[in-house]
There are 2 protein chains.
Amino acid sequence: MEKTLIFGHKNPDTDSITSSIVMEHLERKLGNNEVKAYKLGKVNKETEFVLNYFKVAEPETLESIEEKANVILVDHNTFSQSIDGIEKANILKVIDHHCITGFETANPLFYMAEPVGCTETILYGLYKQHDVEIDKTIAGLMLSAIISDTLLFKSPTCTEKDVQIAKELAKIAEIDIETYGMEMLKAGTDLSDFSPEEIINIDSKKMEANGVNMQVAQVNTASIEEVLKDQDKLENVMQAFMKENGINLFVLLITDIVNSNSEAIVLGDRTDIAEKGFNKKIENNRMFLEGVVSRKKQVFPILIEFAK
Amino acid sequence: MEKTLIFGHKNPDTDSITSSIVMEHLERKLGNNEVKAYKLGKVNKETEFVLNYFKVAEPETLESIEEKANVILVDHNTFSQSIDGIEKANILKVIDHHCITGFETANPLFYMAEPVGCTETILYGLYKQHDVEIDKTIAGLMLSAIISDTLLFKSPTCTEKDVQIAKELAKIAEIDIETYGMEMLKAGTDLSDFSPEEIINIDSKKMEANGVNMQVAQVNTASIEEVLKDQDKLENVMQAFMKENGINLFVLLITDIVNSNSEAIVLGDRTDIAEKGFNKKIENNRMFLEGVVSRKKQVFPILIEFAK
C-alpha cells in the first residue's frame with residue numbers, strides 16, 4: 001500500500017505540528033499503518049518547548065511531493081499555504097478549522113471542518129467517535145495546540161467546545177493549564193535567535209481577494225516595545241518580501257499575549273484597505289489594534305471585505 | 001433569531017430534497033428552530049414518488065436569497081450548482097459527498113464531507129453522533145436517497161457504509177429494499193410528460209476545468225432505445241443550451257438502471273475530450289459506456305483530467 005503523507009501548513013505552528021502527529025496516531029489505531037506525519041518548515045520555539053516537554057520527536061521535513069501522492073491535510077486547506085504541487089496530489093482527508101479558499105479536488109474526499117479554535121478540538125471528536133484512547137502524550141499535544149491557537153482561551157476564535165475539551169485533556173495529561181500554558185506561550189515569544197527575515201516568516205499567511213495579494217504575519221510577544229526596537233529592520237525585510245512575491249499589503253501583527261492586543265506594522269501600495277477596514281490612521285507605518293489577537297477572525301475577514 | 005435556509009443543488013434529485021428535509025429535522029431536534037428546508041427547482045418523478053410514499057410535503061421553492069443570509073448547503077458545494085448570489089451568503093454548514101470545487105468562505109464553518117455514495121449516509125452519522133432518534137419517516141427518506149444515488153447499490157460510488165446504513169434504515173422504515181427500490185427507480189424513469197428541454201434539465205451539472213465548460217446531464221431509464229427515439233430533438237435542445245451558456249462539451253448520459261450501462265450523446269467543440277478520456281470513437285454523436293452509471297465517479301473525473 002502506498003504511503004499517505006500527513007502535514008499542516010507552511011511556517012508551522014503548534015497546531016499544525018501536533019495535529020499531524022496526532023492524526024498519524026489516530027490513523028494507525030484505525031489500522032492504516034502506511035501513514036507518516038511531516039512538517040513543512042522549521043518548528044518554532046513554542047512547538048519545540050511542547051515536543052521537548054512531552055518527549056515527542058519532531059516530524060521530518062517534507063521537501064516535495066510526487067504527483068498523485070496520497071495526502072491528509074491538517075490545519076489548512078488553502079493550496080498557497082501548503083506544499084508546492086499540492087494541486088496534483090490525491091487529497092484523501094482534510095481536518096481543519098479555517099475558512100475554505102482556493103481548495104479544489106477532482107475526487108470526493110473526507111473533509112471535516114468546524115468553526116472552533118483549534119484543529120485538535122476536531123481531532124478530539126474523531127478520537128471519541130472511533131473510540132480510540134487518548135493517552136497522556138496525545139492529550140498533552142492536543143492541549144498544547146488548543147492553548148496555542150486560543151492564546152490560553154483569550155482569542156475570539158476560542159469556543160466553549162475548545163475550553164471544555166482542553167479541560168478534559170488537562171486531566172488526562174495531568175497538567176495545570178494556566179501554569180503550563182503561560183510557560184509554553186512565553187517560550188514561543190523568545191525571539192532572541194531569530195533574524196528579522198525569520199521573524200516575519202515564523203507564522204506568515206498569504207491571502208488573495210479581488211486581485212489584491214495580502215500577507216499577514218504574526219509574532220507573539222510579552223513586550224511589543226522589545227519587538228519594535230527592530231522596526232526599521234523588520235520593515236526592510238517586509239519590503240523585500242513584498243517586492244519578491246508581488247504583495248500589495250503586508251501586515252505584521254505583533255501580539256501582546258499578556259494583555260491581548262496587537263501592534264501592526266502595515267506596508268504596501270494597498271495600506272488603504274487596512275485603514276478603511278480598521279477605521280484607523282496608520283502612523284509611522286503602525287496601527288494599534290486593541291483586543292485584536294486573531295488573524296483568522298479579526299484580521300483576514302476585514303481585509304478580505306475591504307479589498308476592492 | 002434569523003432564519004437559516006437549508007437547500008441542495010439546482011435540478012434537485014432525491015438526495016438534495018430529502019437531505020434538506022432531514023437536516024431541518026436534525027437542526028430542530030438540536031434546538032435550532034429557526035431553520036427551513038427549501039428546494040432549488042421542480043422535484044423529479046422519483047422524488048415525487050418518495051414524498052408521496054412517506055406522506056411528506058414538498059419543500060417550498062427558494063427563488064432568491066438576500067446578502068448575508070444564513071444558509072446550510074446539503075448535497076453540493078460548488079457555487080455554480082447553487083442559488084444565484086450564494087457567494088454573498090453566510091454559509092454556516094455544508095454536508096456533502098462531492099469533490100470540492102469553486103467553494104470559498106470568508107469565515108470558518110462546519111464542513112462535513114465523506115467519500116460515500118449519498119449525503120444521507122453522512123447525515124445518519126450526525127444523527128447517531130447527537131443521539132437523535134431516526135423515526136420511520138426520516139429513515140424512509142434517508143433510505144430512498146441512498147437507493148437513488150447508488151442505483152440500488154450498483155453504482156461505483158456506493159460504499160460498504162452506504163449499504164450497511166441502508167440496511168439499518170430499511171429495518172426502521174419497515175421496507176423491503178429491493179422491491180421498494182426498483183419501484184422507486186422505475187417511477188423516476190417515467191419521462192412521458194417531459195419535453196426534450198426538460199429531459200436535459202432533469203439532472204444536469206456544469207463543471208469547468210482548464211477553461212473548458214462542460215455540462216453533463218443524466219437521465220435514468222429502463223430502456224435506452226426508448227429515449228433514443230428522440231435523439232434528434234434532444235440534440236437540438238442540447239445545441240441550443242450550449243450556445244446560450246457557452247458550453248464546450250455537453251454529455252447526456254442515458255443510464256440503463258436495469259443493466260447498469262449508459263449510452264452518451266456527446267456534442268460540442270471539445271468532444272475530443274470525451275473520445276480521449278473514454279478511449280472510444282463517437283459515432284452518430286453517441287458513445288456506449290459499458291458499466292458507467294456514475295457521473296461523479298466515472299465521468300467528471302475523466303473529463304476534468306482530459307480537459308487541456
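Each chain gets a letter, A, B and so on, in the order its sequence line appears, and its residues count up from 1.
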(request) Using the six-membered ring wherever Trp is involved, compare the ring planes of A/Tyr127 and A/His25 and label them parallel, tilted or perpendicular (cut-offs 30° and 60°). (result) parallel
(request) Can you check whether anything in residues 151-167 of chain B gets within less than 4.5 Å of chain A, heavy-atom wise, and list it by number? (result) none
(request) Verify the distance criterion only: is there a donor paired with an acceptor across the side chains of A/His97 and A/Asp75 at less than 3.5 Å? (result) yes
(request) Name all residues meeting the side chain to side chain contact (heavy atoms under 4.5 Å, CB included) criterion together with A/Glu208; count only those two or more places apart in sequence or in a different chain, and write none if there are none. (result) A/Asn213
(message) Under the criterion ring-ring contact (aromatic ring centres under 6.0 Å, His included), I'd like the reasoning laid out for B/Phe103 against B/Phe79: C-alpha separation, chi angles, the key distance, then a yes or no.
(response) CA-CA 6 Å; B/Phe103 184 80; B/Phe79 286 176; 5.5 Å; yes
(message) Suppose a student defines contact as a heavy atom less than 4.5 Å from any heavy atom of chain A. Which residues in residues 112-122 of chain B would they list?
(response) B/Met112, B/Ala113, B/Glu114, B/Pro115
(request) Can you see which heavy atom on A/Thr101 is nearest to which on A/Met207, and at what distance? (result) OG1-SD, 4.0 Å
(message) Under 3.5 Å, is there a donor on one side chain and an acceptor on the other for B/Thr255 and B/Gln218?
(response) yes
(message) Surrounding CG of B/Asn210 (heavy atoms of other residues, nucleotides or ligands, distance under 6.0 Å), is the total greater than 12?
(response) yes
(message) I need the contact set between residues 296-306 of chain A and chain B: heavy-atom distance under 4.5 Å, sorted by residue number.
(response) A/Lys296, A/Pro301, A/Glu305
(request) Take A/Lys10 and A/Asp84 through the salt bridge (charged side-chain N to carboxylate O under 4.0 Å, His left out) test and state the conclusion after the steps. (result) CA-CA 10 Å; A/Lys10 283 181 195 165; A/Asp84 292 346; 3.8 Å; yes
(message) If you compare all heavy atoms of B/Ala145 against all heavy atoms of B/Thr18, which two are closest, and at what distance to 0.1 Å?
(response) CB-OG1, 3.4 Å
(request) Locate the shortest heavy-atom distance separating A/Leu40 from A/Ser82; write the atom from each residue and the value. (result) CD1-C, 3.9 Å
(request) Give a yes-or-no answer on whether the side chains of B/Asn11 and B/Asp203 include a donor-acceptor pair shorter than 3.5 Å. (result) no
(request) Please round to the nearest 0.5 Å and tell me the distance separating atom CG of A/Asn70 and atom OG1 of A/Thr4. (result) 4.5 Å
(message) Looking at chain A, which one of B/Ile100, B/Leu92, B/Ile91 has the largest number of heavy-atom pairs inside 4.5 Å, strictly under?
(response) B/Ile100
(message) Does the plane of the ring in A/His9 sit parallel, tilted or perpendicular to the ring in A/His98? Use 30° and 60° as the thresholds.
(response) perpendicular
